Asks: 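This structure is in structure tokens; I'll ask about it shortly.
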Amino acid sequence: MSESEPRLQIETCLAELHQHLEALGVTVTAIRDEDGRACLEVYDRYARRRRVQVFAQFYWFVWGEDHDERGSLFQPAEIAERLAHLALGPGWLPQQDLGDLTRALDQFLR
């Protein structure tokens with residue numbers, strides 16, 4: 001497996017989620033975070049953003065620290081529906097970043 005293959009797989013998963021979110025009317029942007037990793041910024045109806053990252057080792061999309069703020073890479077349509085329900089409905093709570101969760105799982109991001 002080449003060094004770029006996992007990155008390509010992550011970007012493919014994010015692209016699929018991006019398509020599902022756009023189809024549901026959610027504003028979403030593909031970006032790279034401070035460390036150069038691909039992720040999505042998903043905006044709620046109040047223009048607050050939530051960053052969605054991929055933890056490929058766990059097969060997760062992650063957009064927060066709570067247990068209900070992550071979901072399977074194998075279900076991008078379902079994850080998009082969950083995100084759209086929040087983004088277009090109540091919106092994100094004024095919010096934390098992925099602080100503690102990212103620090104705990106940081107070893108898997110490299």
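Treat the numbers as computed from the prediction; the structure is a model and nothing was measured.
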Asks: Suppose we screen for side chain to side chain contact (heavy atoms under 4.5 Å, CB included). Which residues come up paired with Leu14, at least two apart in sequence or across chains?
Replies: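 Leu14 satisfies side chain to side chain contact (heavy atoms under 4.5 Å, CB included) with Ile10, Ala38, Leu40, Val54, Phe61 once adjacent residues are dropped.
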
Asks: Does the side-chain contact (heavy atoms from CB on, under 4.5 Å) test come out yes or no for Cys39 and Ile31, once each step is laid out?
Replies: CA-CA 6 Å; Cys39 55; Ile31 66 162; 3.5 Å; yes

Asks: Assess whether a salt bridge exists between Glu11 and Arg32, defined as any Lys/Arg side-chain N lying under 4.0 Å from an Asp/Glu carboxylate O.
Replies: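 The answer is yes: the pair qualifies as a salt bridge.
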
Asks: Keeping the roles fixed (side chain from Asp35, backbone from Arg37), state whether a donor-acceptor pair exists under 3.5 Å.
Replies: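 No, Asp35 side chain to Arg37 backbone: no donor-acceptor pair under 3.5 Å.
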
Asks: Under a 3.5 Å distance rule, please check whether Arg49 uses its side chain to pair with a backbone N or O of Tyr43 as donor and acceptor.
Replies: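 Answer holds: no.
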
Asks: For Asp68 and Arg82, which heavy atoms make the closest approach, and how far apart are they?
Replies: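 The answer is O-NH2, 2.6 Å.
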
Asks: Report yes or no: does Trp60 contribute a side-chain atom to a donor-acceptor pair with the main-chain N or O of Gln53 at less than 3.5 Å?
Replies: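 Judged by distance alone, no pair lies under 3.5 Å.
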
Asks: Which one of Leu21, Leu83, Val52, Leu17 satisfies the side-chain contact (heavy atoms from CB on, under 4.5 Å) criterion with Val28?
Replies: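 Between Val28 and the candidates, side-chain contact (heavy atoms from CB on, under 4.5 Å) is satisfied uniquely by Leu21.
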
Asks: How long is the span from the CD atom in Glu81 to the CD atom in Gln75, to the nearest 0.5 Å?
Replies: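 Here the rounded value is 10.5 Å.
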
Asks: First locate atom CZ of Arg7, then atom OG1 of Thr12, and finally report the distance between them rounded to the nearest 0.5 Å.
Replies: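 Those atoms lie 13.0 Å apart.
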
Asks: Please report the C-alpha distance between Ile79 and Trp63 in whole Å, then the side-chain angles of each, then the deciding distance to 0.1 Å, and finally whether the side-chain contact (heavy atoms from CB on, under 4.5 Å) criterion is met.
Replies: CA-CA 10 Å; Ile79 300 306; Trp63 57 92; 3.6 Å; yes

Asks: Just by modelled atom types, is the Tyr46 backbone N or O under 3.5 Å from a matching donor or acceptor in the Asp44 side chain?
Replies: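 Checked: pair present.
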
Asks: Between Trp92 and Arg48, is there a donor-acceptor pair closer than 3.5 Å when you use the side chain of the first and the backbone of the second?
Replies: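 Yes; at least one donor-acceptor contact below 3.5 Å.
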
Asks: Keeping the roles fixed (side chain from Arg45, backbone from Gly89), state whether a donor-acceptor pair exists under 3.5 Å.
Replies: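 Looks like yes, one N/O pair under 3.5 Å.
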
Asks: Can a salt bridge be assigned to the pair Arg50 and Glu69 using a cut-off of 4.0 Å between side-chain N and carboxylate O?
Replies: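 Salt bridge flag = yes for Glu69 with Arg50.
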
